[in-house]
Amino acid sequence: MKRAVVLLSGGLDSATVLAIAKAEGYDCYTISFDYGQRHRAELDASMALSKQLGAVEHKIINIDLTAIGGSALTDNNIAVPQQHEEGIPVTYVPARNTVFLSIALGWAEVLNAAAIFVGVNAVDYSGYPDCRPEYIAAYEKMANLATKTGVEGQPLKIETPLIDLSKAAIIQRGMTLGVDYSQTVSCYQADAQGRACGHCDSFRFRKQGFEQAGIPYPTRYQP
């Protein structure tokens, strides 16, 4: 069986990516990050989803990105916006995907994995620069220059199956693969039980996706 490392945040997109990787015949090794984000509910969701969707192994890596701050998700002095912002919003975490992919790359080398799957999306998203196709292409090139496996002729692919899909299309794809979206957490300010705030961009894109897909919205709200 071919192996893949799958970045699994516990949200809608990454759960769909895990289901896609499984459907494509990969043995999946999931990885999540406790980086100082505002809540741990997504980490609890990632553990449950990894088990439900049949991953071989799941790791949670601790990285303290609050040490550099610069984002509403890692600095409690910066408020999460209640309305959509033009440009790159304050919920962008500086270098987050680069850091996450680099650690996933190290594990992929150890596992002799053929691919890293990540749920970046360049359609219904918040405008983050590290979710664009050109970023992924550049990272893949770097990864194969920087690793023993790449130098020895075993190139690794960075797979982004959601990158050009709308949120509705992502949900429809996941439903065909049996993803239980009620177990996912897509909210920047979810509470300890994983209930949504009802205001942030992450919540809005999720809600809009279910509405456009014509599928009942499986989300619990905070009181």
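For the single chain, residues carry numbers from 1 onward in sequence order. Since the model is a prediction, treat every value here as computed from it, not as a measurement.
Between Asp27 and Lys22 there is no salt bridge, since no side-chain N of the basic residue sits under 4.0 Å from a carboxylate O of the acidic one. With salt bridges taken as basic N to acidic carboxylate O contacts below 4.0 Å, one links Arg132 and Glu134. For Glu109 and Lys148, the salt-bridge test fails: no basic side-chain N is under 4.0 Å from an acidic carboxylate O. A salt bridge between Arg40 and Asp34 is present, with a side-chain N of the basic residue lying under 4.0 Å from a carboxylate O of the acidic one.
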**Asked** Passes side-chain hydrogen bond (donor to acceptor under 3.5 Å, both in side chains), Arg96 versus Tyr35? Steps please.
**Response** CA-CA 9 Å; Arg96 179 175 62 179; Tyr35 62 93; 2.8 Å; yes

**Request:** Mind running side-chain hydrogen bond (donor to acceptor under 3.5 Å, both in side chains) on Ser186 and Tyr181 for me, showing each step along the way?
**Result:** CA-CA 10 Å; Ser186 299; Tyr181 287 118; over 6 Å; no

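Listed by chain and number, the residues in a side-chain hydrogen bond (donor to acceptor under 3.5 Å, both in side chains) with Asp64 are Thr66 (sequence neighbours excluded).
Between Phe33 and Phe100, the ring-plane angle classifies as parallel under the 30° and 60° cut-offs.
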Donor-acceptor list for residues 213-223 side chains, cut-off 3.5 Å, not counting sequence neighbours:
{"residue": "Tyr217", "atom": "OH", "partner": "Thr219", "partner atom": "OG1", "Å": "3.4"}
{"residue": "Thr219", "atom": "OG1", "partner": "Arg206", "partner atom": "NE", "Å": "2.8"}
{"residue": "Thr219", "atom": "OG1", "partner": "Arg206", "partner atom": "NH2", "Å": "3.3"}
{"residue": "Arg220", "atom": "NH1", "partner": "Gln193", "partner atom": "O", "Å": "3.3"}
{"residue": "Arg220", "atom": "NH2", "partner": "Gln193", "partner atom": "O", "Å": "2.5"}
{"residue": "Gln222", "atom": "NE2", "partner": "Gln189", "partner atom": "O", "Å": "2.7"}
{"residue": "Gln222", "atom": "NE2", "partner": "Arg195", "partner atom": "O", "Å": "3.0"}

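Pairs of residues two or more places apart, or lying in two chains, never qualify as ring pair (Phe, Tyr, Trp, His ring centres under 6.0 Å) while including a residue from residues 43-70.
A distance-only check finds a donor-acceptor pair linking the side chain of Thr147 to the backbone of Gly150 [under 3.5 Å].
The two residues Thr91 and Tyr128 come nearest to each other via the heavy atoms OG1-OH, 2.7 Å.
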